[in-house]
Asks: 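Mind having a look at this structure? Questions to follow.
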Number of protein chains: 2
Amino acid sequence: MDLLRSEGLEAVSMRRVADRLGVAPNSIYAHVADKAALVDELIDAMLGGVATPTDDGWRARIERVMRDSRRELLAHPDLVPFALVRQSVGPNALRLGEVTLGALREAGLDGPAAVTGLQVLLVHTIGSAAFETGRTGDPDPAARGRRGRERAAEFGGVTAELSEPISRWSGDEVFERGLGWLLDGLVPGSGRAR
Amino acid sequence: MDLLRSEGLEAVSMRRVADRLGVAPNSIYAHVADKAALVDELIDAMLGGVATPTDDGWRARIERVMRDSRRELLAHPDLVPFALVRQSVGPNALRLGEVTLGALREAGLDGPAAVTGLQVLLVHTIGSAAFETGRTGDPDPAARGRRGRERAAEFGGVTAELSEPISRWSGDEVFERGLGWLLDGLVPGSGRAR
DNA sequence: CGTTCATATTGGACAGTGTACATTTAAATT
DNA sequence: AATTTAAATGTACACTGTCCAATATGAACG
């Protein structure tokens, strides 16, 4: 986790981790099956920074879990792409998942509907973090060589019109608005912003 | 693209691609800046399979773009994790983005709101595809070695209760329901399912 | 026509990567 | 003290993306 936070995920190689532990690279395989499994544990460790909410209303509890998870995701951007695909079932993910499920049931959803709701919320929270995380920097879409420059010229004007505002608008807005709409839709008749 | 579809993304290495073209590995760098840039072009090539919708209503047009994109994403699962993070601004992504933006404006949204709406829709569509794509197979959460088995025992029962139904319920439902709620929320007063 | 010049391609190499195999060291259990 | 189990190790394999200097190729031009 130190390595990840200080030098990014690409620095988290078996050899570098082993160095950090004063150990041979192979020793790690006695504790972890794969590198993927190692990353899974990193993800769950990250979720350790999300507190179990104790708010009164179910809606407030859900909002808090999602907002806090989002904060933690944005603080560990390199993990975000994996958080969705390899949904880790570590203790922290489980803890937060059950709290959210409980809140959804409290809101009146039955078993299957609550699970679907949880999934939709996860997709939105992690997905919007992934979206926000990506493309932070190089505004240079031109590849090297002939094809690259040709492409840049081909649709140069339009690129500016569409992709520029996309990267400019705040991710908070995307996250908050989407979260609101999903919660409104999840529990029919409980619309807040309407 | 052939290589990706037949052997997955891990087979798409510079050397294998070069082999396929009867060319030395380095030659590719005259046409593409990076391997990342190559993947970006793969993503846009994939989006080439999504037709420009011609339906009458704005809502039908948006639903079609998102549903078709989802189909294409699920057909190329290895690309999904990258579709969100490295949102490619290739010609096809641009084409579909503008069509969707047009539909949102037709629905009555002004510039910034339409862009936010587009982002929320993208996050949901790509995000739910990513979620569905992940974890298709090995139901084996136990790592090797002592820690692994210890962990599996530590929260064994709960794992089954929560993670088993999650991987069982259909992704279609998550996608369709979320899409509906988002569209309902996006355009106030036009709720369809209520 | 030959020459110039940008583009494309090449061989070779560097510094890594994840991980398998067989073996030795260490710790826990009997 | 002996035996079983776990942890750590050295070596090695088959790859990976990408840089560098040098060469081949094609089109444009005087």
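Chain letters run A, B, ... following the sequence lines, proteins first, then strands; residues in each count from 1.
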Asks: Establish, with yes or no, whether the OP1 or OP2 oxygen of dT9(C) is under 4.0 angstrom from a side-chain nitrogen or oxygen of H31(B).
Replies: yes
Asks: For the base of dG16(C), is there a side-chain donor-acceptor partner from R15(A) under 3.5 Å away?
Replies: no
Asks: Flag the pair D184(B) / W181(A) as yes when at least one side-chain heavy-atom distance between them is below 4.5 Å, and no otherwise.
Replies: no
Asks: Rounded off to whole Å, could you give me the CD-to-P distance for the E10(A) and dG18(C) pair?
Replies: 11 Å
Asks: Spell out yes or no: do the side chain of N26(A) and the base of dG10(D) have one donor N/O and one acceptor N/O closer than 3.5 Å?
Replies: yes
Asks: Can you tell me how far P of dG17(D) sits from CD1 of I28(B), to the nearest Å?
Replies: 9 Å
Asks: Rounded to whole Å, please give me the gap between NZ in K35(B) and P in dT17(C).
Replies: 16 Å
Asks: Using 4.0 Å as the upper bound for N to carboxylate O, is an ion pair formed by D19(B) and R16(B)?
Replies: no
Asks: State which residue, out of V12(B), D2(B), L4(B), fulfils the side-chain contact (heavy atoms from CB on, under 4.5 Å) condition with V17(B).
Replies: V12(B)
Asks: Nearest whole Å is fine: how far is dA13(C) C1' from Y29(B) OH?
Replies: 14 Å
Asks: Measure CG/L21(B) against C1'/dA8(C) and give the value in whole Å, please.
Replies: 13 Å
Asks: Is the CG atom of D56(A) crowded by more than 12 outside heavy atoms at less than 6.0 Å?
Replies: no
Asks: Measure the distance from CZ on R16(A) to P on dA15(C) and round it to the nearest whole Å.
Replies: 16 Å
Asks: For the side chain of M14(A), counting heavy atoms from C-beta on, which of dT19(C), dG17(D), dT9(C) is nearest?
Replies: dT19(C)
Asks: Could you check whether S27(B) gets within reach of a base, just the sugar-phosphate, or nothing at all, counting any heavy atom under 4.0 Å?
Replies: base
